[in-house]
Amino acid sequence: MSSEPHSPQPALTISQRAMARAPGSSNRADGGNEHPWMMGLNDQQREAVEALDGPVLVLSGAGTGKTKVLTSRLAQLLVTGRAKPWEILSVTFTNKAAREMRDRTQLLIGPAAEGLRWLGTFHSTSAMILRRHAELVGLKPSFTVLDTDDQIRLMKQVIEAENIDQKRWTPRFLASLIDGWKNRALTPDKVPAEESFLFANGKGAKLYALYQSRLKVLNCVDFGDLLLETISLFLKEPDLLAEYHDRFKYILVDEYQDTNVAQYLWLRLLARKRKNICVVGDDDQSIYGWRGAEVDNILRFEHDFPGAKIIRLERNYRSTPHILAAASHLIASNKNRLGKTLWTEIPEGDRVLVRGIWDGEAEARLIADDIEQWRRTGRRYDESAVLVRASWQMRAFEERFLMLQIPYKVIGGPRFFERAEIRDAHAYLRLIRSLDDDLAFERIVNVPKRGIGDTSVQRLGTAARLAGVPLFTMASQLLGSDELKGPARTGLTRFIHQLEHWRKKSLELPHTELAELILDESGYTDMLKADKNPQSVSKLDNLKELVRSMGQFDTLAAYLEHIELVMDLDRTEEGDAVQILTLHAAKGLEWPLVFLPGWEEEVFPSRRALDEKGDKALEEERRLAYVGITRARESARISFAANRQIYGRWNSVLPSRFVDELPDGHVDAVSDTGYFNQGTGGAAERFAAYGPLSTQPGNGFGTGYESPGWKRAQAAAALGKLAPGMAKGFGGPIIDGEAKLLARTGAKDATYAVGQRIFHDKFGYGAVRHVEGSKLTIQFEKSGEKKVLDSFVSPA
DNA sequence: TCCGAGCCACTTTTT
DNA sequence: GTGGCTCGGA
């Protein structure tokens with residue numbers, strides 16, 4: 001941290017000048033006399049930056065410059081001397097957001113931003129506080145932070161110990177319950193009886209209590225505890241809280257709409273005295289309710305902090321008017337919101353495109369074609385993104401992109417540190433750090449196989465618990481007796497000796513070399529090398545990556561501390577590629593061209609969400625749709641299919657109700673009939689059975705079809721006798737009565753001659769060798785000779 | 001103790 | 001369609 005004095009008017013760096021002229025700069029004439037970070041702010045942003053004292057709620061709509069306000073505010077606090085860097089508490093939800101805030105503040109004011117020690121996530125900040133006062137809540141300062149996987153394994157033990165049927169009551173379910181309780185800041189004694197009954201006939205709270213005491217014994221906390229223990233620390237030690245009140249003169253909170261009850265209490269405790277709390281968020285982008293976030297926190301802010309100043313950022317610097325209008329109209333269907341009116345000065349662009357297609361594959365083809373088209377006009381792949389509701393939807397796009405050799409990048413997915421091999425390696429390293437780390441011990445005592453089976457581990461565990469000693473200690477003792485026999489004994493002896501050997505080595509070797517040594521000597525790499533599973537190659541790569549990433553830290557301890565809290569590495573893979581990600585992961589990001597596939601009932605809105613939480617979930621799904629549309633700068637392209645394969649089963653699906661909630665004037669609706677003509681046989685007949693000629697009841701989705709769009713579609717299609725839902729999408733225009741029907745050229749009703757060059761979706765280019773009715777024999781350039789139906793190829 | 005066959009369940013995901 | 005998990009046999 002730096003205590004360097006800072007000049008009130010630092011010289012402008014190039015980046016500062018550039019930022020001042022960033023798009024969205026206001027035209028204020030007095031910019032010259034101002035602090036550089038104030039230049040280029042519009043009136044509302046300026047107000048948000050200048051309202052330093054007292055509670056402030058900044059309602060920041062999508063694309064309205066939220067981060068700019070947050071960082072300018074930090075700059076303002078620091079450079080005007082209102083607070084030293086270490087007197088400002090800034091909390092974010094993710095490490096990425098924290099990093100960005102730090103970097104951008106530094107960009108604004110340079111060295112004056114150094115020493116922002118209390119800029120971090122709720123969890124990392126809590127961990128910092130807890131480590132200082134661990135003993136006050138019954139922990140040692142060296143406590144370990146468990147991740148979900150460790151949590152579940154621990155719960156499994158607790159459930160086992162209580163003789164509860166693990167199939168009926170899964171550890172995972174208990175974990176989600178406890179997680180939910182912790183999100184709501186409920187300690188075991190506060191869990192409502194009826195909720196306790198959600199698990200094992202009323203044992204929920206008891207198991208929760210047992211789990212907590214196990215954590216304490218192991219000197220561990222889980223993520224929820226970081227917050228809860230900090231809260232209870234403050235409640236227990238008012239003097240300590242007072243110290244923090246003195247320390248934190250100003251509090252800044254990012255993404256306030258995502259805070260849960262525990263985070264809310266945490267903030268309220270810390271803000272209680274000075275009330276200099278500024279929260280920034282957007283109720284319309286609250287999409288983490290399923291994880292405990294309470295939209296109510298933001299809706300209630302005014303009530304919680306009387307006299308709070310509310311500032312709305314409504315000028316959008318990202319999207320064209322049509323995109324904004326479509327999103328705004330859609331979100332207006334939500335009742336539970338504070339309400340904002342986004343506007344922009346960006347010139348009018350394309351309308352939002354809504355397309356109905358035959359099935360998921362057709363959708364992937366359509367989008368891939370669009371991207372190639374986009375690319376042909378000189379644009380980049382990484383200017384486009386495909387945003388899906390659930391990750392299983394990604395595969396269709398990956399397959400299609402692979403086939404067409406369109407570079408793509410899946411964002412999110414299984415995280416590096418959650419991979420089994422990485423967690424195994426960490427378990428070894430954790431044991432080097434502390435032989436008492438029972439969870440680590442247990443994880444790898446038989447990985448790779450050492451002949452120490454479940455029964456042996458079980459016996460060891462019981463003995464250790466009885467004696468009240470760690471597993472390692474008990475194991476060493478057992479080897480002294482003749483309790484264990486056979487391969488288990490040999491294996492365990494060797495393992496214990498190895499651990500001692502590695503610990504000695506850890507004193508002489510750099511930690512990266514130690515890691516390599518352990519992976520080698522333990523037989524872990526050999527195990528992977530011997531594994532015929534093709535994935536083991538990438539596992540080995542991951543381990544190499546792990547060792548490399550360890551090199552960024554000075555010591556093993558520093559490395560472990562970092563990954564336990566951050567669970568993320570700065571992996572900057574550059575490259576021009578289409579991004580594929582979930583709508584959740586897309587929040588906060590933007591692209592010129594955004595595809596929003598799978599807008600079908602049951603997929604989006606997700607049926608499970610609706611089943612579980614009903615109307616509340618529907619509003620959240622709608623917010624997700626809003627987030628999706630507002631990611632687009634130039635073009636948003638929504639699509640839905642008539643048929644979709646879900647878990648290997650073909651389903652007829654209906655367009656999402658959200659499609660109908662889009663405003664007529666800002667949407668181009670296209671039912672691409674070319675796709676339906678192209679099929680012959682099965683596909684075409686299936687479509688006929690589904691389409692306007694047959695009548696089926698609308699699956700009970702009676703409500704939600706009162707919108708003008710739907711009514712117009714009914715009228716326009718003159719399909720009055722059809723059930724709602726069935727007529728939608730495919731008989732003709734979906735929403736816009738004047739929608740144009742695109743016909744795909746080339747594919748339909750083509751006949752083929754021997755020698756003709758063709759294209760097949762799966763096999764690529766080839767030449768026709770033989771024709772027999774609709775059956776073609778094709779010599780493919782890449783995959784050899786195959787017989788295919790003519791409906792699957794098109795002239796090349 | 002280990003390994004393979006059958007069974008089931010399966011959103012979203014950060015810390 | 002797929003992977004993770006359990007159970008039964010070697």
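The sequence lines fix the lettering, A, B, ..., with proteins before strands; numbering per chain opens at 1.
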Original post:
Quick one: what's the B/S/- string for nucleotides 2-11 of chain B, heavy-atom cutoff under 4.0 Å, read 5' to 3'?
Top reply: SS------BB
Original post:
What integer distance in Å separates A/Gln285:CD from B/dT12:C1'?
Top reply: 16 Å
Original post:
Do you see a donor-acceptor pair shorter than 3.5 Å between the side chains of A/Asp225 and A/Gln212?
Top reply: yes
Subject >> Minimum-distance nucleotide to A/Ser456 side chain [options: B/dT15, C/dG1, B/dT1] >> reply: B/dT1
Original post:
A/Phe417 has an atom CZ; how far is it from atom C1' of B/dT14, in whole Å?
Top reply: 14 Å
**OP:** Take atom CD1 of A/Ile646 and atom P of B/dT12, then tell me their distance rounded to the nearest Å.
**Re:** 13 Å
Subject >> Any donor-acceptor N/O pair, A/Asp283 side chain to A/Ser286 backbone, under 3.5 Å >> reply: no
Enumerate donor-acceptor pairs with a distance under 3.5 Å from any side-chain N or O in residues 123-133 of chain A to protein atoms, sequence neighbours excluded.
from     : atom 1 : to       : atom 2 : distance (Å)
A/Ser124 : OG     : A/Thr121 : N      : 3.1
A/Ser124 : OG     : A/Thr121 : O      : 3.4
A/Ser124 : OG     : A/Thr121 : OG1    : 3.0
A/Thr125 : OG1    : A/Thr121 : O      : 2.7
A/Ser126 : OG     : A/Phe122 : O      : 2.7
A/Ser126 : OG     : A/Trp266 : NE1    : 2.9
A/Arg131 : NE     : A/Glu561 : OE1    : 3.4
A/Arg131 : NE     : A/Glu561 : OE2    : 3.4
A/Arg131 : NH1    : A/Pro141 : O      : 2.9
A/Arg131 : NH1    : A/Phe143 : O      : 2.8
A/Arg131 : NH2    : A/Phe143 : O      : 3.3
A/Arg131 : NH2    : A/Glu561 : OE1    : 2.9
A/His133 : NE2    : A/Tyr244 : OH     : 2.8

**OP:** Kindly confirm or rule out a cation-pi arrangement of A/Arg400 over A/Phe397, judged by NZ or CZ under 6.0 Å from the six-membered ring centre and within 45° of its axis?
**Re:** no
**OP:** Please state how far atom CG in A/Asp150 lies from atom C1' in B/dT15, giving the value in whole angstrom units.
**Re:** 14 Å
**OP:** Round to the nearest Å and state the distance from A/Glu418 atom CD to B/dT12 atom P.
**Re:** 13 Å
**OP:** Examine the side chains of A/Glu294 and A/Tyr264 and answer whether a donor and an acceptor come within less than 3.5 Å of each other.
**Re:** no
Original post:
Is the side chain of A/Asp437 donor-acceptor paired with the backbone N or O of A/Ala440 at a distance under 3.5 Å, no angle test?
Top reply: yes
**OP:** Quickly work out the A/Asp149 CG to B/dT15 P distance and round it to whole Å.
**Re:** 17 Å
Original post:
Pick the nucleotide of DNA chain B nearest each of A/Phe122 and A/Thr455; which residue has the one closer to the 5' end?
Top reply: A/Thr455
Original post:
Any donor and acceptor pair, going by atom type alone, linking the side chain of A/Glu162 with main-chain N or O of A/Val158 inside 3.5 Å?
Top reply: no
Original post:
Between atom OH in A/Tyr288 and atom P in B/dT12, what is the gap in whole Å?
Top reply: 12 Å
Original post:
Considering only B/dT13, B/dT14, C/dT2, which nucleotide approaches the side chain of A/Arg395 most closely?
Top reply: C/dT2
Original post:
Separation of A/Leu387 atom CG from B/dT12 atom P, in whole Å?
Top reply: 15 Å
**OP:** Side chain of A/Asn95 only, please: which of B/dT15, B/dT1, B/dT13 is the nearest?
**Re:** B/dT15
